[in-house]
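All values reported here derive from a predicted model rather than from experimental measurement. Here is the naming used below: chain letters follow the sequence lines, and residue numbers restart at 1 for every chain.
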Amino acid sequence: MGWDAFGLPAENAAIANKTAPAKWTRENIAYMRGQLERLGYGYDWAREFATCNADYYRWEQWFFTRLMERGLAYKKEAEVNWDPVDQTVLANEQVENGRGWRSGALIKRRKISQWFLRITNYAEELIDGLDQLEDWPESVRTMQRNWIGKSVGVEAVFTVVDSDIDGDALKVFTTRPDTIMGVTYLAVAAQHPLAISAAIDNPELKTFLDECGHMKTAEAELETMEKKGMPLGVFAVHPISGEQVPVWVANFVLAGYGTGAVMAVPAHDQRDWEFAGKYGIDITPVVYPVDGDLDIEGGAFTEYGVLKNSGQFDGLSSEMAKQRIAEWLEEKQLGEQQVNYRLRDWGVSRQRYWGCPIPVINIDGKTIPVEASQLPVVLPENVVLDGVGSPIKKMPEFFETTDPETGELAERETDTFDTFFESSWYYARFCSPDSDQAMLDERAKYWLPVDQYVGGVEHAVLHLLYARFFHKLMRDEGLVNGDEPFKKLLTQGMVIAETYYREGENGRKEFFNPTDVETTKDEKGRILQAVLRSDGEPVVVGGVEKMSKSKNNGVDPQSMIDRYGADTVRLFMMFASPPEQSLEWNDDAVAGASRFLRRVWAWFYKHQSVFQTSPCEQLIAPKIENDALVDVRRTVYGILERALRDYERQQFNTVVAACMEMTNALEKFDWSSAGAAGKQVQSESAIILLKLLAPVAPHIVEKISGEFNIRDQVETSWLQVDESALKVDQVELVVQVNGKLRSKLQVAIDIPRDQLEVLVLADENVQRFIEGSVVRKIIIVPGKLVNVVAN
RNA sequence: GCCCGGGUGGUGAAAUUGGUAGACACGCAAGACUUAAAAUCUUGUCGCUUUCGAGCGGUGCCGGUUCGACCCCGGCCCCGGGCACCA
């Protein structure tokens, strides 16, 4: 068990409860450990650690200094959400409607210097590796592939006219160089130097840039807001035509991504088309469909075609033109072919307190890593949080230090790592949790990769991509073998629940736990009204979302454990739905789970004389004469076969269903008249049921098997299907006419085809439905179905 | 907006992955036990029609492929997740 213990929730709780994050965190860990122990999970507690302890995070500090030396960590400016009132950087989730969650102030984009890891150096390997991850869900691999977003294209150079500022050439990337002759404008980000210089003597433009500065730094925000722009009054020279095209500033161009500038071809790109239409910018079509007319009245033509209005490239196909234009640009040194990734380098700096201190020292603008011998840089834990900045930024005793070379005064970094840093390598630390001489030792090479990794789907991209990246970094440092950390991946669905809140002044939301809210619903189960139990006043129904601390919609299974016991809760959770599926929490069915376990218990005690006298040492291929016994044995093994398959494919809800079905069958059977062989079969069945149930409800199985001296049989060796028990000589066939179920037929399993056809056609119901039509063919699925096609 | 999932009875779900739609449960209804209730047990439970044999319709919506579609293909609607500072 690794407690991923740093992060925002602890800071939020600290502000709300006026407790230090460390205390709150460790109390929560203790509570959770108690609960997990009571649930009987098989964690190896000898390998437990918490990421907020220095004996864990010291190693990522060390690793970071290694990355600095290897040139894989670097500093650059990047934008954050700045709350001007609380003087704090806000997480995206702390910004709503452009305002800070505590202060309600309009947020401001602000550039600050931050640490980045060169994950883009590994982009190619991260994509290629996905093909080898055969035991990962295809959906996760697709999401990662799309996230990395490899695209091949051309970077073209547009020279800015009459510019005296730095970077007077605008470099733009395009995957469609064949459309380059259709460029009618360029667009740059609001933070682009060209935009800023153009705004100096243009107040209207200045206002627009300011407006863009109030948007939060989230891609979803950029993509959904109204696309706006303004001309800069600046022009750039088209590299091929030599004509001048206007340069605009647009709020949807990302400053920190690529070159912060894009070329626009409104005739052949939908977003450009809409933008051009809105602002009356020229639309010049240059690619025409191979057959048929070009119609760009209703939208851009984004397919491939044949070039026109493109000078020397006229008449070329898009495919050809992409190649020729790229070559032409390269020849003239006005561009080059490039592979571009959507993936950006990983920003790991956080201007927060509750995280691992970044182990660097700033001396007069230069930054050096803290020497290995001086690690760890320990985070002070005795602090008070007031929501205004990080406490360690106000603690000279923390940040005042000296230059190890000169002894001059220097300043320690007060930013901390992104918490994904901790969660990116904990899986490896489990192999050597006690190692105090190294981050990992030889044991990591022995145990890794992880055979089976389980995590929520919400981690499909970020966490799982960072962990894959870290594994490669650790491999290149010689710490682990192999290229990938996790051989097999199961992505759990999320447990989701209704959210309820009230909006306070300045739009700040206070969330209430569903257990504290009383709802009235209509007959379709929709919530009509929700009121807080404590004051009877209404609350806003916020919709169903993944359970989280920030939305306060989690449920604590503790009261359920207290009332029904761990086995019932485990069984109930396994039975609710398959693990990949998301699940809206509802504990109505928990009583049913408890009832089932009590029935199992009752059945064993009802037949205790049998289990006490005939403990079924080993069933040696019993020769069973009694047909009823053969049937019940077939039923048991039939159910077992399905259950084992479902365990294998991790569909535990149907395993539980199979246990219930088996119990139903055993309860129904009249064992009293089955004689000595009956006792054997009964004991055999009992052991199968207990074994099958053991992983789900271990406590009750252990108790029952101990009571009847069969613990050895239950706890040693896993289950196997006795194929001979499954043998049948009669099967029930489904009979269809034209694909519709019309009849059922009991036949010998090996009935010859011609006999079967005769039998089917003679069937009364079949007769009725083929009357007056001609039988065209008869489809037979052996052992299952017959379909008579007639018309 | 983009990427990834999902949508099946009143509810959670199942369907060996193209072959009987609704297994197993929850809930509900009726009955048994009980002075009564709880617990437990039995029976029924997708909708409509029915001469009680069965018939028709039905897996978000519209269309297609197929002897046959919850499953495959095309278009749409709704819900959940992710979108780089929640983790």
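- When rounded to the nearest whole Å, the span between CE of A:M494 and P of B:G6 equals 12 Å.
- In this structure, the side chain of A:S103 engages the main chain of A:A105 through a donor-acceptor pair within 3.5 Å.
- Partner of A:F470 under the side chain to side chain contact (heavy atoms under 4.5 Å, CB included) criterion, chosen from A:P485, A:S424, A:S423: A:S424.
- The separation between A:R145 atom CZ and B:C2 atom C1' is 18 Å, rounded to whole Å.
- Each of A:A91 and A:V734 has a nearest nucleotide on RNA chain B; the 5'-most of these lies closest to A:V734.
- B:C79 sits 27 Å from B:C28 when the C1' atoms are compared, rounded to a whole Å.
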| Nucleotide by nucleotide, 5' to 3', does protein get under 4.0 Å of the base (B), only the sugar-phosphate (S), or neither (-) in nucleotides 67-76 of chain B, counting heavy atoms? | BS--------
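- Following rounding to the nearest Å, A:D272 (CG) and B:G1 (P) show an atom-to-atom distance of 18 Å.
- Relative to the ring axis of A:F275, A:K227 does not place its NZ or CZ within 45° and under 6.0 Å from the centre.
- Applying the 90° cutoff around 0 to the glycosidic angle, B:U8 is assigned anti.
- Using the six-membered ring where Trp is involved, A:H463 and A:H459 have ring planes that are perpendicular, over 60° apart on the 30 and 60° scheme.
- Glycosidic conformation at B:G58 (O4'-C1'-N9-C4 for purines, O4'-C1'-N1-C2 for pyrimidines): anti, more than 90° from 0.
- Within the 4.5 Å cutoff, the side chain of A:V541 has heavy atoms near those of the A:Y500 side chain.
- Among the protein residues, A:L8 comes within range of the sugar-phosphate backbone only, with heavy atoms under 4.0 Å from sugar or phosphate atoms but none that close to a base.
- Distance NE2 (A:H463) to C1' (B:G81): 16 Å, rounded to an integer number of Å.
- Below the 3.5 angstrom threshold, one finds no donor paired with an acceptor across the side chain of A:K784 and the base of B:U20.
- Annotation: A:F421 is not in aromatic contact with A:F6 [ring centroid separation under 6.0 Å not met].
- Nucleotides of RNA chain B nearest to A:E223 and A:F769 differ in position, and the one nearer the 5' end is that of A:E223.
- Remark: P of B:C24 and CG of A:L640 are 18 Å apart, rounded to the nearest angstrom.
- In this structure, B:G53 is classed as syn because its glycosidic torsion stays within 90° of zero.
- Using a 4.5 Å cut-off on side-chain heavy atoms (C-beta onward), A:T120 and A:R344 make no contact.
- Following rounding to the nearest Å, A:D763 (CG) and B:A54 (C1') show an atom-to-atom distance of 14 Å.
- Within 4.0 Å of A:S423, counting heavy atoms only, lies no atom of the nucleic acid at all.
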